[in-house]
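One structure is given here, and the rest of the page talks about it.
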Amino acid sequence: MLVSLTVGKVDAGVTVLLTPDKRLIEFPSILLPPNIASGSIVDITVARNHGSESEADKKFAALQDQIYGAFGAGEPSVPVLRCRNATQTSVVLEWDPIELATADLISLSLYRNGQKAGNIPRPLHMHSTKISGLAVDTEYTFHLVLRTSAGTFSSKQVTVSTHKMTDLSGITITTGILPGPTRDALGTAVERIGAKIVDGVRIDTTHFVTTEGRGMAWEKAVEMNIPVVRPEWVEACEKQGRILGVTKFYLDAVRPGPGDDVNRSRSDSMAPPPPPQQQQQQKELPPNPPKGDDENAAATESKSKDTDSSDDGSVHDDDGSDSDSGDEKNEDKAKVNDSEPKMRREDKNGQKLTLRPGQGSGPWAGSEDSPQDKQPVPLTPGDGASFQDVAL
């Protein structure tokens, strides 16, 4: 196609060309013949180059195939989840290494019974996890969800049931330092109860059995909070036919011997005697009176009141005459008795006895006018007095 154009304005970079219908076309000056000026007429031939176009298409397609082969040929793989070990209260899950191809990782999450349990830390390096605190003899479902820049991929659900208390197959033991006979006996007992012994401390190790708290394996077990027990724990589980607690079988737990009760009684009998002062105090304490002495003491006290004291408070002689000295004392004391508060008590027979504050017990206990110059005679347990009537 031939086109004739008139040169308009010529610049160093762009030249303005005019079409016959007065349209302006900006054209690169470098593509025009040299020595042209305004008003010059140039002929431009325009044609489609099919060969060059086909060659360019081939090059572009080859570049696309190269990009797809480098970045789009592979895609992340679906996680494959499985159960590694189960006990009465825990489950150990593991999965194949995550394949991301050319995608970027966003997160790897674990779901339990359809609900998110948490994200797996460092999913490109960790391929197992342990879930604790589960219920005994209960069924659970688990699955993984992988989120990447290329999409979201979910694993198949895995159904796991925790063991019963009588099922000992989930026990996984790692042994530490043990004597030869003890190690052999432990291996036989583990085989009988259906448990297993593994080499090294792993994530599915449930118990670390040893007789000495030292060694790299022991340090790793302590670091991972794995119970460190003695071989007697396995024997006790086999004897009881069920899994037992490990509190009494810890390596550093105090082990009671069979003769502890005998030794304790011997130590009590061999204890040193109390000091002389304490022995003297024990001797001064009165013995416990026999049963029924309270009634005898009350009867004796009531009888002494009737015979030795009259209703008006005066003391009578044996011949029935009142003594002059007794009348004077009684008149003086009557005034004092009116101002002093009286205390009453009842004995077991229901009789009310009047006592002054601070007045002791004895044959004068029931009398308000007991002589000041006469000391009351204390009753002893042999006289029928109760423990409360004994003067200390």
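Looking only at distances, a side-chain donor or acceptor of Thr210 sits under 3.5 Å from a matching main-chain atom of Glu212. Of the possible polar contacts, none joining the Thr182 side chain to the Gly180 backbone as a donor-acceptor pair under 3.5 Å is found. Within the 3.5 Å criterion, the main-chain N or O of Ser169 finds a donor-acceptor partner in the side chain of Asp167. Thr205 places a side-chain N or O within 3.5 Å of a backbone atom of Arg202 that can act as its donor or acceptor partner.
Within the 4.5 Å cutoff, the side chain of Ile226 has no heavy atoms near those of the Thr206 side chain. Between Phe153 and Val145, the closest side-chain pair of non-hydrogen atoms is not below 4.5 Å. Inter-residue side-chain proximity for Val246 and His207 is flagged as met; some heavy-atom pair is nearer than 4.5 Å. Using a 4.5 Å heavy-atom cutoff, the side chains of Leu93 and Leu81 are in contact. You'll find the side chain of Ser90 stays beyond 4.5 Å of the side chain of Ile131, heavy atoms only. At a threshold of 4.5 Å between non-hydrogen side-chain atoms, the residues Tyr250 and Val228 do not count as touching. Between Val209 and Leu186 the shortest side-chain heavy-atom distance falls below 4.5 Å. Counting only heavy atoms from C-beta outward, the side chains of Thr152 and Leu146 never approach each other to under 4.5 Å.
Of all heavy-atom pairs between Lys248 and Arg230, the closest is O-NH2, 3.3 Å. The two residues Leu134 and Arg112 come nearest to each other via the heavy atoms CD2-NH1, 3.3 Å. Closest heavy-atom contact between Ser29 and Ala12: CB-O, 3.8 Å. Across all non-hydrogen atoms, the minimal contact from Asn119 to Ser109 is OD1-OG, 2.6 Å.
Thr148 OG1 to Leu100 CG: the interatomic distance, rounded to the nearest 0.5 Å, is 6.5 Å. Note: Ser4 OG to Leu18 CG = 13.0 Å, rounded to the nearest 0.5 Å. Note that CD1 of Ile41 and OG1 of Thr6 are 4.5 Å apart. Values are rounded to the nearest 0.5 Å. Here the NZ-CD1 distance, from Lys239 to Ile193, works out to 15.0 Å after rounding to the nearest 0.5 Å. Rounding to the nearest 0.5 Å places CE of Met165 at 10.5 Å from OG1 of Thr162. Separating the OG atom in Ser149 from the CD1 atom in Ile106 is a distance of 6.5 Å, to the nearest 0.5 Å.
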Between Ile203 and Arg84, is the side chain to side chain contact (heavy atoms under 4.5 Å, CB included) condition met? List the steps.
CA-CA 10 Å; Ile203 189 174; Arg84 182 172 180 176; 3.7 Å; yes

I'd like to know whether Arg214 forms a side chain to side chain contact (heavy atoms under 4.5 Å, CB included) with Ile177, so could you lay out the CA-CA distance, the side-chain angles of the two residues, the decisive distance to 0.1 Å, and finally the verdict.
CA-CA 8 Å; Arg214 58 188 179 89; Ile177 300 176; 3.5 Å; yes

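Evaluation of the salt bridge (charged side-chain N to carboxylate O under 4.0 Å, His left out) test over residues 23-33, restricted to residues two or more places apart or in two chains, returns Asp21-Arg23.
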Considering only distance and modelled atom types, tabulate donor-acceptor pairs under 3.5 Å from the side chains of residues 63-78, sequence neighbours left out.
unit_1, atom_1, unit_2, atom_2, d
Ser77, OG, Glu99, N, 3.4

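With salt bridges taken as basic N to acidic carboxylate O contacts below 4.0 Å, none links Lys130 and Asp204.
Atom NZ of Lys59 has 12 or fewer neighbouring heavy atoms from other residues, nucleotides or ligands inside a 6.0 Å radius. More than 12 heavy-atom neighbours from other residues, nucleotides or ligands sit within 6.0 angstrom of CD on Gln157.
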